[in-house]
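First the structure, in the form of structure tokens, and then the observations on it.
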There are 2 protein chains.
Amino acid sequence: MGREQSSATPKGPRRHTPPAEATRNLRLAADFHAAYPPELTGDGVLVPGPFGLKLERYALQGGRPPRSIRSLMAHKRTFEPGVQVMQQGDAGGVAYIIEQGWTFSSSVLRNGSRQILDVQVPGDVAGLQSLPVPTAANDVTAITKVHAFEIQLDAVMDAISSDADLAAFIFWLAARQNDVASVRIIDIGRRTSVERVAHFILELATRLRLAGIGTDSGFPCPLTQYLLGDALGLTSVHVNRVLRDLRTSGLAHHQRGWISLLNASELSAVAGFSSAYLRGTGTGCTDAM
Amino acid sequence: MGREQSSATPKGPRRHTPPAEATRNLRLAADFHAAYPPELTGDGVLVPGPFGLKLERYALQGGRPPRSIRSLMAHKRTFEPGVQVMQQGDAGGVAYIIEQGWTFSSSVLRNGSRQILDVQVPGDVAGLQSLPVPTAANDVTAITKVHAFEIQLDAVMDAISSDADLAAFIFWLAARQNDVASVRIIDIGRRTSVERVAHFILELATRLRLAGIGTDSGFPCPLTQYLLGDALGLTSVHVNRVLRDLRTSGLAHHQRGWISLLNASELSAVAGFSSAYLRGTGTGCTDAM
DNA sequence: CGACCTATTGAATTCTATCAATTCTCGTGG
DNA sequence: CCACGAGAATTGATAGAATTCAATAGGTCG
């Protein structure tokens with residue numbers, strides 16, 4: 001019966017038609033980011049804050065930190081929760097270094113379903129792939145209140161022409177981002193829903209730790225079950241199911257904008273998680289063989 | 001019943017356990033690429049062949065073609081079908097500009113299932129995200145016999161230091177690749193199997209046309225149904241069904257390494273396909289709203 | 001009067017249940 | 001490697017109740 005349905009001309013949206021979800025209001029506390037300290041400046045680093053930590057990590061891995069990066073971080077902007085930072089089709093040539101708060105990049109399909117491509121946490125760059133093109137490739141939306149540095153393509157090109165280290169760093173950033181996208185493809189393509197959610201939780205935990213946020217036992221997470229579903233190619237209902245399973249089996253707990261890692265090692269085992277791909281240092285973008 | 005099964009500690013691989021698929025031999029003709037002409041050099045461009053066409057397109061979109069690119073394309077290599085060009089965990093710092101033939105990048109999970117992250121056709125760069133890191137992030141395998149230029153990180157860094165245009169071009173390449181990855185995430189996350197296959201076929205058709213390969217009515221495609229499944233997060237069995245549906249509804253036909261576009265406009269409608277994301281020029285990475 | 005705490009209320013989110021169907025698994029043959 | 005069929009199961013669609021949250025109004029105490 002089901003086979004017959006998979007005709008080449010689907011009679012109607014058989015899969016995912018949540019037109020309301022895509023436009024649902026985000027009602028998260030405007031000062032969500034108050035949950036963690038804004039300034040985590042290392043000593044003697046080029047840039048303060050979570051992006052500075054990323055730069056530091058890059059340097060520790062043998063990259064030469066670009067001296068001109070500071071000059072790019074001049075124009076600070078703030079976005080309220082739910083605001084479209086960037087929209088598909090907008091003029092490109094812009095990106096944002098997230099300093100505080102969370103954003104996500106996404107695309108909406110004809111039938112109204114939405115796919116979240118990536119989530120940006122402090123220290124991440126939103127819209128990096130829209131920087132070198134005339135029109136933005138996808139939407140970027142603020143989940144919480146967001147503080148970010150606006151980066152203009154012109155300025156980047158100017159800086160690159162006299163600072164090859166900056167070019168190398170941006171290339172590294174883009175490659176890291178591609179690793180994250182690769183893992184998302186693997187998640188959605190070849191992992192069960194439980195593995196997928198578990199893996200995503202651990203990815204977030206690791207990325208936030210690298211930004212100086214959260215502890216071994218948990219981290220702040222403003223993602224609703226709707227957003228989690230849209231990020232993982234699941235429905236919010238199924239995310240709810242999976243989250244309940246993780247909770248009852250004592251692995252993780254999602255509650256009021258906070259994810260508790262109750263049993264991180266078991267969770268990693270379930271997810272087949274290895275943090276290597278996030279550090280840009282290890283054995284690849286999936287679990288070790 | 002199904003609900004109870006989705007426990008946090010799956011009793012066994014409930015989904016996708018094709019250990020044989022990952023290591024299945026590729027039996028494609030070694031001279032597959034003979035199907036299309038090797039040399040498609042434009043006049044007066046910096047570089048001959050499909051990669052030159054990509055460079056040309058970059059220039060047409062306002063990018064300044066890097067003069068130093070030619071010096072990077074010195075070391076030509078050949079790979080036989082099925083050969084691992086690059087393996088997860090290998091030393092990084094290398095990438096390949098594909099001149100002839102097809103490759104794919106992939107990752108293998110614990111349970112033996114494999115996810116293909118992207119397919120590289122002539123003019124594409126394989127392993128770009130492994131170039132700026134010490135260890136390769138994923139596997140790259142030759143599908144057909146492949147001729148490629150081996151690019152070393154050292155040479156790239158040297159060239160960048162005196163040619164900012166090259167840095168900008170590489171950044172553009174990485175961003176384009178990210179767009180393709182984004183579309184794959186959308187495919188697998190939010191499209192039905194039919195939409196997914198149809199979209200992938202059209203993506204391949206467009207990418208190949210941009211490389212000077214194929215016509216409006218079809219293109220060479222050495223991907224087996226196993227490979228298609230691994231690329232699209234489906235099983236080969238299901239790909240077979242979908243392909244049959246597309247065939248019987250007169251939209252596309254896959255046969256002996258060749259895909260015929262029987263009704264491209266209807267196929268595009270089914271897939272919700274827009275080629276904008278591949279040209280780096282348009283309105284984004286999904287269908288227009 | 002102002003600061004602070006306590007109901008109230010409406011909306012957004014979470015949670016649960018039931019049914020449907022897309023997709024997977026297994027098996028067999030070409 | 002392709003093709004096809006039968007049965008199983010993960011996941012989606014839909015609907016409704018329970019819960020949490022944010023904002024507001026009202027009341028108490030200093």
Side-chain angles (χ1 to χ4, degrees), chain A residues 1-7 10-21 23-32 81-82 111-113 188-197 222-229 232-245 247-248 253-258, chain B residues 1-7 10-21 24-29 111 113 188-197 222-229 232-245 247-248 253-257:
Chain A
M1 183 108 45
R3 269 204 323 292
E4 316 316 314
Q5 296 288 12
S6 66
S7 146
K11 278 76 190 174
R14 281 273 140 49
R15 195 194 196 209
H16 268 291
T17 329
E21 290 191 23
T23 53
R24 179 168 271 108
N25 286 338
L26 300 162
R27 61 90 212 253
L28 285 146
D31 53 351
F32 175 87
N111 61 1
S113 67
I188 302 178
R190 287 289 184 234
R191 281 194 237 262
T192 67
S193 55
V194 175
E195 293 169 347
R196 223 181 288 186
V197 173
L223 299 173
T224 66
Q225 296 181 350
Y226 283 95
L227 291 173
L228 280 170
L232 297 173
L234 299 168
T235 57
S236 61
V237 174
H238 202 66
V239 168
N240 184 286
R241 281 201 275 263
V242 171
L243 248 27
R244 168 164 51 82
D245 288 348
R247 189 170 61 236
T248 57
H253 193 147
H254 185 196
Q255 191 182 34
R256 268 183 266 164
W258 185 273
Chain B
M1 185 110 41
R3 271 207 317 296
E4 317 316 313
Q5 297 289 12
S6 65
S7 147
K11 278 74 188 174
R14 281 271 141 49
R15 196 197 195 209
H16 270 294
T17 330
E21 290 194 25
R24 180 167 271 108
N25 285 338
L26 301 162
R27 59 91 215 243
L28 286 145
N111 60 2
S113 68
I188 302 178
R190 287 288 184 237
R191 280 196 238 263
T192 66
S193 55
V194 174
E195 294 169 346
R196 223 181 288 185
V197 172
L223 299 173
T224 66
Q225 295 182 351
Y226 283 95
L227 291 174
L228 280 170
L232 297 174
L234 298 168
T235 57
S236 62
V237 174
H238 202 65
V239 168
N240 183 287
R241 278 199 278 268
V242 171
L243 248 27
R244 184 187 50 188
D245 288 347
R247 188 171 61 235
T248 58
H253 193 146
H254 185 195
Q255 191 182 35
R256 271 184 271 157

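Proteins get letters first, then strands, A, B, ... in listed order; numbering begins at 1 in each. Since we're looking at a predicted model, the values are computed, not measured.
- Between A:Glu195 atom CD and D:dT11 atom P the separation is 9 Å, expressed in whole Å.
- In this structure, CD1 of B:Ile188 is placed 17 Å from C1' of D:dT10, rounded to the nearest angstrom.
- Each of A:Val239 and B:Gln225 was assigned the nucleotide of DNA chain D with the nearest heavy atom; the assignment lying further toward the 5' end belongs to B:Gln225.
- Dashed line: the shortest gap from a side-chain N or O of A:Thr224 to OP1 or OP2 of C:dT13 is not under 4.0 Å.
- Rounded to an integer number of Å, the gap from A:Leu243 CG to C:dT16 C1' is 14 Å.
- In this structure, the CZ atom of B:Arg241 is 7 Å from the C1' atom of C:dT23, given to the nearest Å.
- For B:His238, the side-chain atoms get nearest to C:dT23 when compared with the rest of D:dC4, D:dT11, C:dT23.
- With D:dG12, D:dT20, C:dT14 as the candidates, the nucleotide lying closest to the side chain of A:Arg256 is D:dT20.
- For A:Arg244, taking side-chain heavy atoms from C-beta onward, the closest of the listed nucleotides D:dA3, D:dA6, C:dT16 is C:dT16.
- Atom CD of residue B:Gln225 and atom CG of residue B:Leu243 lie 5.5 Å apart, to the nearest 0.5 angstrom.
- Side chains of B:Val197 and B:Leu228 form no contact here, defined as non-hydrogen atoms less than 4.5 Å apart.
- For the atom pair NE2 of B:His254 and CZ of B:Arg247, the computed distance is 10.5 Å after rounding to the nearest 0.5 Å.
- The CG atom of B:Asn240 sits 13 Å away from the C1' atom of C:dG29 (whole-angstrom rounding).
- Separating the NE2 atom of A:His254 from the C1' atom of C:dC15 is a distance of 14 Å, rounded to the nearest angstrom.
- Here the nucleotide nearest the side chain of A:Tyr226, chosen from C:dT14, D:dC2, D:dT11, is C:dT14.
- Counting only heavy atoms from C-beta outward, the side chains of B:Thr224 and B:Leu227 approach each other to under 4.5 Å.
- Across the protein-nucleic acid pair, A:Leu232 atom CG and D:dT10 atom P stand 18 Å apart, rounded to whole Å.
- Sequence order on DNA chain D of the closest nucleotides to A:Gln255 and A:Val237 puts A:Val237 first from the 5' end.
- The nearest whole Å value for the distance from the CG atom in B:Asp245 to the P atom in D:dC4 is 10 Å.
- Using a 4.0 Å cut-off, no side-chain N or O of B:Ser193 falls inside it from OP1 or OP2 of C:dT22.
- To the nearest 0.5 Å, atoms CZ (A:Arg191) and CG (B:Asn111) are separated by 9.0 Å.
- Close to D:dT11, at under 4.0 Å from its OP1 or OP2, lies no side-chain N or O of A:Thr235.
- Of the candidates C:dT14, C:dT23, D:dT20, the closest approach to any side-chain atom of B:Leu234 belongs to C:dT23.
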